[in-house]
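All figures in this text were calculated on a predicted structure; none of them were measured in a lab. First listed ligand is number 1; within each ligand, the first listed atom is number 1.
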Amino acid sequence: MDIVLSGIRPTGKLHLGNYFGAMKNFLKMQHENNCYFFIADYHSLTTHPTPADLHGSVKQVLAEYLACGLDPEVATLYIQSDVPEIPELYLLLNMNAYMGELERCTSFKDTIRKQPDNVNAGLLTYPTLMAADILIHRSHKVPVGKDQEQHLEMTRTFANRFNRMYNVEYFPEPVAYNFGEKLVKVPGLDGTGKMGKSEGNGVFLADDPDTIRKKVMKAVSDSGPTEPNQPKPEAIENLFSIMRIVSTPDTYTFFDEKYNTCQVRYGDMKKQLAEDIIKVTTPVREKIEGYLADNAYLRKVARLGAEKARESASKTIKEVRSIIGFKEF
Ligand code: ADP
Ligand code: TRP
């Protein structure tokens, strides 16, 4: 069975894009593969969060993963900082990671442009930590978007370099897990581009119904079509795209026909869209709130995950140490 691994940085709340674009696929995957899903809290230290923020974000993401339906009995769901074997592998991989290749990494160049006052070694070696995350379970597949492809490529470089250096075939070459052609892309509410955490254009799973209504009513639209059967401008197409994802086919067809006959009223359409989003998010939001109020359960999940993750991680580290030459006399 393939080993599938994905990590999420605890930097904000999950939005509809994460839900339909990633979580829904994770739910299917967990039954078809040996899955590891982890919260990348070490990675988030590169931006120096306060202890309270760090702790709160990790808790939020864990509650959200569970609320979406990740099953801690089926998949291994863990917090990165609970697995000390990861930083150990990170240290070992760093010995063969070169300044040049780390400095050339696009995400490093982007980040130092954005935070020139905090160019720390953690940022430079972000790809080595990510490689350690992946290689610690000798993962085969990593379900990530295009923006992570370069990190994955570096992981393959580090894995191959290790294999070559010690003349072993120890680490597999991890590849991106593509969900096929039908990758759902959820657009944002600001008229252009996809929904994202930092863009301020998203609906979060944890948003209450009133917040969702306000956000959707404020979504960018226009004064409506003036001629029948015209292509939709991007902002309008985006509203219809979200509707296609959250509403019934009948609802979608109803408004599509209204659009094509120039009778669409965006106020009505947005009202309907908001209610259909609320229908999707409400059960998830209620579960998030339930998990957030149940520290004992979250602790249990984290402990179980750490135990399962460490079982696999300690096996890898033991073998890696022996390959490198750390052996008992
Ligand atoms: P964000 O834009 O919120 O920072 P991330 O980059 O952390 O999102 O993405 C986490 C996962 O969610 C990725 O697998 C990504 O492909 C998916 N995802 C994020 N935004 C969207 C979106 N608008 N539509 C579809 N999938 C998305
Ligand atoms: N770098 C990823 C992101 O920014 C998060 C991440 C860290 C990750 N370690 C990983 C993703 C390992 C997949 C595998 O989204």
Side-chain angles (χ1 to χ4, degrees), residues 3-29 35-47 57-58 60-61 64-65 68 70 76 78-81 83 86-87 89-90 93 105-108 110-111 122-123 125-156 158-159 174-179 182-190 192-206 238 241-242 244-246 277 309 313:
I3 297 173
V4 173
L5 170 136
S6 189
I8 187 160
R9 269 177 306 142
T11 48
K13 296 176 176 173
L14 290 186
H15 52 74
L16 283 181
N18 303 134
Y19 185 63
F20 287 103
M23 287 309 299
K24 288 271 184 187
N25 293 312
F26 290 178
L27 297 187
K28 258 186 275 152
M29 268 178 222
C35 283
Y36 291 89
F37 298 116
F38 75 97
I39 300 172
D41 57 349
Y42 278 139
H43 284 279
S44 63
L45 291 186
T46 54
T47 55
S57 316
V58 171
Q60 180 78 25
V61 175
E64 293 190 336
Y65 263 27
C68 289
L70 286 188
T76 300
Y78 63 100
I79 300 165
Q80 186 186 29
S81 62
V83 183
I86 299 170
L89 184 58
Y90 164 64
L93 293 174
C105 181
T106 320
S107 67
F108 177 67
D110 284 351
T111 312
L123 282 179
T125 56
Y126 189 104
T128 351
L129 183 53
M130 183 157 158
D133 293 332
I134 296 169
L135 298 177
I136 197 73
H137 303 299
R138 302 167 78 199
S139 315
H140 303 105
K141 292 178 175 174
V142 185
V144 285
K146 258 211 143 33
D147 61 325
Q148 296 297 315
E149 189 45 59
Q150 193 182 26
H151 286 150
L152 212 49
E153 182 63 42
M154 293 175 83
T155 302
R156 287 191 286 268
F158 297 146
V175 295
Y177 197 141
N178 295 314
F179 311 108
K182 285 194 293 160
L183 196 60
V184 180
K185 192 168 143 195
V186 183
L189 295 173
D190 53 354
T192 173
K194 64 173 203 162
M195 190 175 284
K197 265 183 204 75
S198 41
E199 285 79 10
N201 64 3
V203 173
F204 296 108
L205 297 174
N238 287 353
S241 297
I242 302 176
R244 196 183 291 122
I245 294 166
V246 298
I277 292 175

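The heavy-atom pair separating Val175 from Leu152 by the smallest distance is C-CD2, 3.8 Å. Here the shortest heavy-atom pairing between Ala132 and Leu89 reads O-CD2, 3.7 Å. In this structure, Cys68 and Met23 approach most closely via the heavy-atom pair CB-CE, 3.5 Å. Nearest heavy atom pair, residue Cys105 against residue Pro127, reads SG-CG, 4.0 Å. When every heavy atom of Gln60 is checked against every heavy atom of Ala206, the shortest pair comes out as NE2-CB, 4.0 Å.
Protein heavy atom at the shortest distance from atom 23 (N) of ligand 1 is Val186 O, 2.7 Å. With respect to atom 6 (C) of ligand 2, the closest heavy atom belonging to the protein is Gly7 O, 3.8 Å. Protein heavy atom closest to atom 6 (O) of ligand 1, with residue, atom name and distance, is Asp147 OD2, 4.3 Å. Atom 1 (N) of ligand 2 has its closest protein heavy atom at Tyr126 OH, 2.8 Å. Among protein heavy atoms, atom 2 (C) of ligand 2 sits closest to Gln148 OE1, 3.4 Å. Closest to atom 14 (C) of ligand 2 among all protein heavy atoms lies Leu5 CD2, 3.5 Å. What sits closest to atom 22 (C) of ligand 1 on the protein, heavy atoms only, is Gly17 CA, 3.5 Å. The protein heavy-atom contact nearest to atom 9 (N) of ligand 2 is Asp133 OD2, 2.7 Å.
Remark: side-chain polar atoms of Arg9 are not paired, donor with acceptor, to backbone N or O of His43 under 3.5 angstrom. A donor-acceptor pair under 3.5 Å is absent between the side-chain atoms of Thr76 and the main chain of Ala309, judged by distance alone. Within the 3.5 Å criterion, the main-chain N or O of Ile3 finds a donor-acceptor partner in the side chain of His140. Here the side chain of Asn238 pairs no donor or acceptor atom with the backbone of Pro187 at under 3.5 angstrom. Listed for the Thr111 side chain is a donor-acceptor partner under 3.5 Å among the backbone atoms of Ser107.
Close contacts between ligand 1 and His15 involve ligand atoms 1 (P), 2 (O), 3 (O), 19 (C), 20 (N) [criterion: under 4.0 Å to a heavy atom]. Which parts of ligand 2 touch Phe38 is read off a 4.0 Å heavy-atom cut-off, strictly below it: atoms 9 (N), 10 (C), 12 (C). Interface of Asn18 with ligand 1, defined as ligand atoms under 4.0 Å from a residue heavy atom, comprises 3 (O), 8 (O), 9 (O), 10 (C), 11 (C), 12 (O), 18 (N), 19 (C). For ligand 1, the atoms sitting less than 4.0 Å from at least one non-hydrogen atom of Gly21 are 25 (C), 26 (N), numbered in the order shown with element in parentheses. The contact set between ligand 1 and Met195, taken as ligand atoms under 4.0 Å from a residue heavy atom, comprises 20 (N), 21 (C), 22 (C), 23 (N). Atoms of ligand 2 lying under 4.0 Å from at least one heavy atom of Val142, given by number and element, are 13 (C), 14 (C).
Using a 4.0 Å cut-off between heavy atoms, Tyr36 makes no contact with ligand 2 at all. The proximity of Ile8 to ligand 2, defined as any non-hydrogen pair under 4.0 Å, does not occur for either the backbone or the side chain. Counting heavy atoms under 4.0 Å from ligand 2, residue Val144 touches it through the side chain alone. Only the side chain of Ile134 comes within 4.0 Å of ligand 2, counting heavy atoms alone; its backbone N, CA, C and O stay farther away.
Atom 15 (C) of ligand 1 lies below 4.0 Å from none of the non-hydrogen atoms of the protein.
Below 30°, between 30° and 60°, or above 60°: for His137 and Tyr78 the angle between ring planes is above 60°, a perpendicular geometry.
Crowding of Lys13 atom NZ: a count of heavy atoms from other residues, nucleotides or ligands under 6.0 Å not exceeding 12.
Checked against a 3.5 angstrom limit, the closest N/O atoms of Ala22 and ligand 1 fall outside it. Considering both main-chain and side-chain atoms, Ile8 never comes within under 3.5 Å of ligand 1 through any nitrogen or oxygen pair. Polar contact with ligand 1: present for Lys197 (N/O pair, distance under 3.5 Å). Taking only nitrogen or oxygen atoms, main chain and side chain alike, Glu199 does not reach within less than 3.5 Å of ligand 1. Distances between N or O atoms of Lys185 and those of ligand 1 include no value under 3.5 Å. Among the atoms of Gly196, none of the N or O lies under 3.5 angstrom from an N or O of ligand 1. For a threshold of 3.5 Å applied to N or O pairs, the pair formed by Arg9 and ligand 2 contains at least one separation below that value.
Ion pairing of Lys146 with Glu153 is absent here, as no side-chain N (NZ or NE/NH1/NH2) approaches a carboxylate O to less than 4.0 Å.
Between the side chains of Asn201 and His15, no donor N or O sits under 3.5 Å from an acceptor N or O.
Considering only heavy atoms from C-beta on, Gln80 comes within 4.5 Å of Leu129 through its side chain.
Look at Val184 and you'll find a heavy atom under 4.0 Å from some atom of ligand 1.
Taking the ring centroids of Tyr126 and Phe108, they lie at or beyond the 6.0 Å cut-off.
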